[in-house]
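Residue numbers begin at 1 in each chain, while the letters A, B, ... track the order of the sequences.
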Number of protein chains: 2
Amino acid sequence: MATQRGGGDGGDGRSEIERHLELLWRVAERPRRGPRPGLTVEEIVSAAVGVADADGLGAVSMQRVAAELGYTTMSLYRYVQSKEQLVELMADAAVGPPPDIGEAAGWRDRVELLSRALVECNRRRPWLLRVEIVGPPSGPMQLAWFEAYLEALAECGLAGYERVAVTLFINGAVRELARIAVQIEQARRAGGVSDESAGAAYAAALRRFAVPERFPNVAALVAEGVFDPEPADGGPVAAPDGADWGLVDEIGADITFGLRRLLDGVESYAREREHQAGTA
Amino acid sequence: MATQRGGGDGGDGRSEIERHLELLWRVAERPRRGPRPGLTVEEIVSAAVGVADADGLGAVSMQRVAAELGYTTMSLYRYVQSKEQLVELMADAAVGPPPDIGEAAGWRDRVELLSRALVECNRRRPWLLRVEIVGPPSGPMQLAWFEAYLEALAECGLAGYERVAVTLFINGAVRELARIAVQIEQARRAGGVSDESAGAAYAAALRRFAVPERFPNVAALVAEGVFDPEPADGGPVAAPDGADWGLVDEIGADITFGLRRLLDGVESYAREREHQAGTA
DNA sequence: ACGAAACAGTGTGCGCTATACACGATTAAG
DNA sequence: CTTAATCGTGTATAGCGCACACTGTTTCGT
């Protein structure tokens, strides 16, 4: 394993994780001596994000980022402790702030709007989905999204820790579904030789390997045509209620459905508890 | 980007993705000429999994795996097209088959049992959570879990594609939540110097950066003590109904809550539709 | 039976990676 | 003006994935 960020100490009083957080939040204690730094963490992160946007996460190397800035590789280490940390800074910066969903609609719509915006973020920067989440939301932007979800859920009738649970649950589901969708999308864009799109290839694979004896349910769904790229007539209704996720239709519909069931459950749970509280 | 698995062709008729799937499913077309292979894909994958179990995913290199088998690095490439592919094979093999949940209880309990088992898998092999999912469930084990979820949801009253949506939704949420929990767990285990555990450090960080002006909801929850490692009295009730995920209690409770709300929503949705169908 | 073709495993080498370390140049504190 | 801290650079190391050429083995076509 690389550097475990447990209780290490760099010589001064602050632990490693503490300094990491200070970097995330740009707590800049100005250096007291020595030459003026020619770079800022901001610049480095933004250059790295630029590289990732242009050529993917795999193209982000210390050398490439430094070259982009006209500096040498090692100079970056004056600002960042490791590449791993740089990637985390990138991830936080690149999600950007959550949209300002006014007081437009009810809390359910707000949650859905927020989730749609989150998907949109990840769709525009597919490499974000390849950055692994290292823990609970810590950076400014991550925390801003967290805050936004909690705010959206403020009046849904759930207790504090319950709202946290729902937020994390939704985030996880959305991220994972978006990952699948984006990957399909990319494969589809890259597919040149054969006519069949990646979705069709997947359907064909299922048809081949999901034998009814061992995988009866999957096989039945395959037979239904659920996994066919173009939803067959009467198949999954794409984007009900005008919910457009900008994703492969099928996955978008999946998110919509799962999210709405979850919110249904939240609603009924809150209602029931309110009722209990009233009679108690 | 590395190798896009779009429509490449290796000379024979089968596309790259096709050959990948055949390897996942161990479709062995025996070679017609030449010496007998001294290794099998099975051995290689199992050796690689052993390395990952022992020293983490970062320790898995072609050299290391080959050395473990007493072969040279390059010999592995006779069986596997790339390291990326090997990792995928590892991921599929390492989750193992889903547990056989009998006809014990209702579909809700079956889904919860399955999810608990999935979390347990990832808890015992934390490196699994660091392997990025590359697409819809394709490997034998991945598909077996998919099948198990669909089977568990068979009698919940949902249509086919709706069950798919719920399955993917749950999988995503469970995976992401488990990732956070495992990371906290590891950090806690590695934390030696300072007394405060990683959870406490996170709570402290939130207390420092989640100022009420910009993050009122988060700040309020921090003040409530929701993020404190030891749940304060009256805080989040740990493991209601005896639901033990083997994880950090707080995250386990999060999964339980989110999952049950989702299933609540599924139940009411199915009931309502059945009712509609009855009156139609 | 025999040449040819296919295949297994090895050795070498290339380009790339992160990053440790020592060094000169620069700046501010005492 | 000394001294300590810092910035940026140059150099070096250990490791990585993997392309390629090569030897030796096995089996097919004849």
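The ring pair (Phe, Tyr, Trp, His ring centres under 6.0 Å) test applied to A:F209 returns B:W25, not counting sequence neighbours.
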Please produce a list of atom pairs where a protein N or O lies less than 3.5 Å from an N or O of nucleotides 28-30 of chain D.
{"unit_1": "D:dC28", "atom_1": "O4'", "unit_2": "B:R33", "atom_2": "NH1", "d": "3.1"}

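Of the residues in residues 36-47 of chain B, B:R36, B:P37, B:G38, B:L39 come within less than 4.0 Å of DNA chain C through at least one heavy atom, sorted by number. For the contact set between residues 71-78 of chain A and DNA chain C, defined by any heavy atom under 4.0 Å, the members are A:T73, A:M74, A:Y77.
Counting only heavy atoms from C-beta outward, the side chains of B:R125 and B:D53 approach each other to under 4.5 Å. Here the side chains of A:R175 and A:I133 are in contact, with some heavy-atom distance below 4.5 Å. Between A:F146 and A:V164, some side-chain heavy-atom pair lies under the 4.5 Å cut-off. Contact check for B:W127 versus B:V51: no side-chain heavy atoms found under the 4.5 Å cut-off.
Looking only at atom types and distance, the side chain of B:Y149 has a donor-acceptor partner in the side chain of B:S115 under 3.5 Å away. Judged purely by distance below 3.5 Å, without hydrogens or angles, the side chains of B:H20 and B:Q85 pair a donor atom with an acceptor atom.
At a threshold of 4.0 Å, the pair B:R64-B:D55 counts as salt-bridged, since one of the basic side-chain nitrogens sits closer than that to a carboxylate oxygen. With respect to B:R19 and B:E22, no salt bridge is recorded, no charged nitrogen being found less than 4.0 Å from a carboxylate O.
Take the nearest nucleotide of DNA chain D for A:P35 and for A:G70: the residue whose nucleotide is more 5' is A:P35.
At most 12 non-hydrogen atoms from other residues, nucleotides or ligands lie less than 6.0 angstrom from CZ of A:R124.
As rounded to whole Å, 16 Å separates atom P of D:dC16 from atom NZ of A:K83. Computed from coordinates, the B:L86 CG to D:dC16 C1' distance equals 14 Å when rounded to whole Å.
The outermost nucleotides of DNA chain C lying under 4.0 Å from heavy atoms of chain A, listed 5' to 3', are C:dT17 to C:dA29.
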When the side chains of residues 136-145 of chain A are checked against the rest of the protein, which donor-acceptor pairs come out under 3.5 Å, sequence neighbours left out?
{"unit_1": "A:S138", "atom_1": "OG", "unit_2": "A:P136", "atom_2": "O", "d": "2.8"}
{"unit_1": "A:W145", "atom_1": "NE1", "unit_2": "A:G96", "atom_2": "O", "d": "2.8"}

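Contact between the side-chain N/O atoms of B:Q63 and the OP1/OP2 oxygens of D:dG15 is not found at any separation under 4.0 Å.
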